[in-house]
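Report on the following structure.
Residues: numbered from 1 along the sequence shown.
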Amino acid sequence: VDGSFHYPFPVEDIIVAMARHTDLIYVLFDPIGQALCDRTMNVIERLNEQHATKMRYFLSKADTVPLERDRQKVIVQITQNLSSRIRNKHAFELPSLYIPDK
């Protein structure tokens, strides 16, 4: 859901509160929507304030990007958007997840 959708409860606060009870936080970026809306970026920024060492980032559905150069563009765009919002930049990785051809 894009950042303009209004929920009847504070979604961002709930996600941040739940993070206190986890060992790892996986953030999955979709190459099509890329989840780079303000709400997502704000949550990532807030989570990073207290849980930077628990966070791992992934590019999901990488198999939906047909050309390698297009996949690299998506990775660069995500990395640029995250670089000003996260503290653990030196160890930043964005592995790709996909369903291999059968």
Side-chain angles (χ1 to χ4, degrees):
V1 175
D2 70 13
S4 64
F5 186 82
H6 295 284
Y7 293 93
F9 51 88
V11 175
E12 295 176 28
D13 294 339
I14 291 170
I15 293 171
V16 172
M18 286 176 37
R20 284 185 249 137
H21 306 285
T22 66
D23 294 324
L24 285 172
I25 301 168
Y26 288 162
V27 180
L28 303 172
F29 292 98
D30 183 330
I32 295 161
Q34 297 172 13
L36 298 176
C37 69
D38 287 338
R39 175 178 286 148
T40 303
M41 289 294 123
N42 290 339
V43 169
I44 289 171
E45 201 166 356
R46 287 180 61 189
L47 288 170
N48 242 274
E49 289 172 6
Q50 297 176 7
H51 308 289
T53 58
K54 294 199 252 181
M55 296 184 73
R56 303 292 182 270
Y57 306 91
F58 298 91
L59 175 63
S60 65
K61 302 180 187 176
D63 55 325
T64 63
V65 182
L67 300 175
E68 178 64 22
R69 93 172 158 248
D70 291 337
R71 189 174 69 82
Q72 290 302 322
K73 286 179 186 178
V74 169
I75 290 171
V76 167
Q77 183 180 11
I78 292 169
T79 303
Q80 287 174 338
N81 277 292
L82 286 175
S83 66
S84 64
R85 300 172 190 269
I86 62 174
R87 293 187 335 202
N88 53 340
K89 297 174 196 173
H90 67 281
F92 179 77
E93 294 181 47
L94 189 66
S96 298
L97 302 175
Y98 62 93
I99 300 172
D101 291 331
K102 293 180 181 180

Residue list, salt bridge (charged side-chain N to carboxylate O under 4.0 Å, His left out) with E68, at least two apart or on another chain =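 With sequence neighbours excluded, E68 shows a salt bridge (charged side-chain N to carboxylate O under 4.0 Å, His left out) to R71, given in chain and number order.
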With a 4.5 Å cut-off on side-chain heavy atoms, are [Y] and [X] touching?
X: S96; Y: I75; result: yes
X: L59; Y: P95; result: no
X: L47; Y: K54; result: no

[atom1]/[X] to [atom2]/[Y] distance, rounded to the nearest 0.5 angstrom?
X: I44; Y: H51; atom1: CD1; atom2: NE2; value: 13.5 Å
X: I86; Y: E49; atom1: CD1; atom2: CD; value: 13.5 Å
X: K61; Y: L97; atom1: NZ; atom2: CG; value: 11.5 Å

message = For a quick test of reading the model, state the closest non-hydrogen atom pair linking P31 to T64 and the distance between them.
response =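 Shortest heavy-atom contact: CG-OG1, 3.5 Å.
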request  = Specify the closest pair of heavy atoms between Y57 and L82, including all atoms of both residues, with the distance to one decimal.
outcome  =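 Shortest heavy-atom contact: CD2-CD1, 4.0 Å.
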What side-chain donor-acceptor pairs closer than 3.5 Å can you find for residues 12-29, not counting sequence neighbours?
residue, atom, partner, partner atom, Å
D13, OD1, R46, NH1, 2.9
D13, OD1, R46, NH2, 2.9
T22, OG1, A19, O, 3.0

ask   = Can you list the steps and then say if R85 with N42 is a side-chain contact (heavy atoms from CB on, under 4.5 Å)?
value = CA-CA 8 Å; R85 300 172 190 269; N42 290 339; 4.1 Å; yes
message = Quick check on the hydrophobic clustering: are V11 and V43 connected, directly or via other members, by side-chain heavy-atom contacts under 4.5 Å?
response =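 The answer is yes; both residues are in one hydrophobic cluster.
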